[in-house]
2 protein chains.
Amino acid sequence: MRRAEASKACPHNPAVSCNNCRLSGICLPLALESDEIVKLDNIVQRGRPLPKSRHIFREGDAFTSVFAVRSGAVKTYSITDAGEEQVTGFYFPGEVVGLDGIGQNRYASSAVSLEVSAICEIPFSQIEDLSGQLPNLQRHFFKLLSSEIVDDQRHITLLSKNTADERVASLLVSISARQARRKLSASAFRLPMSRADIASFLGLTVETVSRVLSRFAKQDLIRIDNKEISDLDVEGLKAAANLQP
Amino acid sequence: MRRAEASKACPHNPAVSCNNCRLSGICLPLALESDEIVKLDNIVQRGRPLPKSRHIFREGDAFTSVFAVRSGAVKTYSITDAGEEQVTGFYFPGEVVGLDGIGQNRYASSAVSLEVSAICEIPFSQIEDLSGQLPNLQRHFFKLLSSEIVDDQRHITLLSKNTADERVASLLVSISARQARRKLSASAFRLPMSRADIASFLGLTVETVSRVLSRFAKQDLIRIDNKEISDLDVEGLKAAANLQP
DNA sequence: GCACAGGCTTGACTCAGATCAACCGGAGCC
DNA sequence: GGCTCCGGTTGATCTGAGTCAAGCCTGTGC
């Protein structure tokens, strides 16, 4: 089992099929049988690696596809009425962006690569057709959308009730958990986004984010070298975030 | 057309079918053909009017159904790790609650009636089955979920970037717009929720909400008599909320 | 190699909204 | 009627995070 996982191809490679992708256990194929994955595979368009800071789609563009992150990292953001950028999410390999476009047939946010990334494009009309035939896919898509709602509601709670320390700690714990889900280190990783992105996402200023990170380092909850995080103390940060362990 | 709308039965009445419900233009039947509505109608369970302060479902309950509000009003909330209540949404006739339960097969929040309400229960497994046959229904459900995501992201932006005045003004504008959509007065209505609910939803304290409302009244943006709002100045409040008109 | 720009950090000061406290008034109950 | 309770309002004070300002570090381009 572990051997099979490990033998699966590197997700940077654009030639790899869903069936052979290392992310199949957490990405779209998750709930599908192997013959169903073949059908999904047929509609997935794998792109060349996308350089840093390139848009995948922009707020207001006609909605055509959802996109799975295969490698790298993506942020989504929208522009407020006051003209500022509000970061609405960070997305790592195995996660899907563009779901907010379904409702109005236009993307409600923009998505940009935070580093060199590989992206799988899945045309939504084909997902709809296929979902009519594959109840597992329909169900999985309903779940995907619903989980995004739950995540957003948790984020609403975070912004509404938590202090700056708790917000930053929560983000670190969340990224750490998502690393672990991809069998990567939960205690050492590179933050692909800027301090300004973190601040926007958490409803804080850059200065506050910087101060909190420095304080966490002083308290030995993390070590920081610019964007590199190491020696992350998951339990300590969960305590700082006021989360149940 | 208007005549036909007006002749449709009062949504308090539990006997009325989707086809004849006054809300059919904004609720689930929205995207369906009339023969499709009949099929939807067959799986909808209409309850007796629900008294005030009754739970429709609770956070953690096994997920079985989504619920359309037919009359009255509902709030959803979840309990934070610190044990406080976080209000995540207010729902008016024609709107659907319980979508956050799909992802984990358990409701991620609780839903309570804020006043006497009539609720339509729609078992989700039957929606899934029917969606496999009716592409219009499948699409509509995808859209419903996606719109909830967009709403939540707008709320995230509100909490992250806006002042107390802007938050309260936004809520008033939103309720006013939803009144208008149901062909009710956009400038006079009763707030079904307490000041504490508003405060929790907007990430403020009761005192701040109270002060802001008083100030708005002094500025002639609204008139308040306890929960009754009247003479609401939509344009003025949009300006106060920093929204494009 | 050096210069420049943008990202990040740190410090001093300010302020919007929280907290604490007092009071008001209507609904429910004896 | 009078009492109590709860939701709401208003005022005085406090504080966490924002603002303003300065300086540093890092990566990039010539």
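So that the names make sense, note that chain A is the first sequence line, chain B the second, and so on, each numbered from 1. Since the structure is predicted, the reported quantities are computational estimates derived from the model, not experimental observations.
- Here the side chain of Ser200(A) pairs no donor or acceptor atom with the backbone of Asp197(A) at under 3.5 angstrom.
- For DNA chain C, the neighbouring residues in residues 205-218 of chain A, judged by any heavy atom under 4.0 Å, are Glu207(A), Ser210(A), Arg211(A), Ser214(A).
- Residues passing the side-chain hydrogen bond (donor to acceptor under 3.5 Å, both in side chains) test with Ser147(A), sequence neighbours excluded: none.
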Contacts under 3.5 angstrom, residues 170-177 of chain A side chains, donor-acceptor by atom type, not counting sequence neighbours:
from      : atom 1 : to        : atom 2 : distance (Å)
Ser170(A) : OG     : Glu166(A) : O      : 3.0
Ser174(A) : OG     : Arg178(A) : NH1    : 3.1
Ser176(A) : OG     : Ala186(A) : O      : 2.7

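- The side chain of Lys227(A) contributes an N or O atom lying less than 4.0 Å from OP1 or OP2 of dC8(C).
- Between the Glu148(B) side chain and the Ile149(A) main chain, no donor and acceptor come within less than 3.5 Å of each other.
- Of the possible polar contacts, none joining the Thr76(A) side chain to the Ala111(A) backbone as a donor-acceptor pair under 3.5 Å is found.
- Contacts of Tyr91(B) classified as ring pair (Phe, Tyr, Trp, His ring centres under 6.0 Å), with partners at least two apart in sequence or in another chain: none.
- Rounded to whole Å, atom P of dC24(C) lies 19 Å from atom CZ of Arg195(B).
- Applying the 6.0 Å contact sphere to CD of Glu228(A) captures more than 12 heavy atoms from other residues, nucleotides or ligands.
- Side-chain contact between Phe90(A) and Lys75(A) is present, with at least one heavy-atom pair separated by less than 4.5 Å.
- Pairs passing the ring-ring contact (aromatic ring centres under 6.0 Å, His included) check and including a residue from residues 152-189 of chain A, sequence neighbours excluded, read His155(A)-Phe201(A).
- Residue pairs meeting the ring-ring contact (aromatic ring centres under 6.0 Å, His included) criterion with at least one partner in residues 224-243 of chain A, sequence neighbours excluded, are absent.
- Every residue two or more places apart in sequence or in another chain that forms a salt bridge (Lys or Arg N to Asp or Glu O under 4.0 Å) with Arg223(B) is listed here: Asp231(B).
- Going from atom CD1 of Ile224(B) over to atom C1' of dT9(D) covers 10 Å, rounded to whole Å.
- Contacts between residues 157-174 of chain A and DNA chain D, counted as heavy-atom distances below 4.0 Å, involve Thr163(A), Ala164(A).
- Between its opening and closing five pairs, the helix from dG1(C)-dC30(D) to dC30(C)-dG1(D) changes axis direction by 40°, a value rounded to 10 degrees.
- For Met193(B) and dC6(D), the CE to C1' distance is 19 Å, given to the nearest whole Å.
- Remark: Glu121(B) engages Ser65(B) in a side-chain hydrogen bond (donor to acceptor under 3.5 Å, both in side chains) (not counting sequence neighbours).
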- Task: Sugar-phosphate atoms are those with a prime plus P, OP1 and OP2; base atoms are the rest. Using that split, label each nucleotide of nucleotides 23-30 of chain D B, S or - for protein heavy atoms under 4.0 Å, 5' to 3'.
- Result: --------
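- What separates CG of Leu204(A) from C1' of dT19(D) is a distance of 14 Å, to the nearest Å.
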Taking only distance into account, with no hydrogens and no angle test, what donor-acceptor pairs under 3.5 Å do side-chain atoms of residues 210-222 of chain A form with protein atoms, sequence neighbours excluded?
from      : atom 1 : to        : atom 2 : distance (Å)
Ser214(A) : OG     : Ser210(A) : O      : 2.9
Arg215(A) : NH1    : Asp165(A) : OD1    : 2.9
Arg215(A) : NH1    : Asp165(A) : OD2    : 2.8

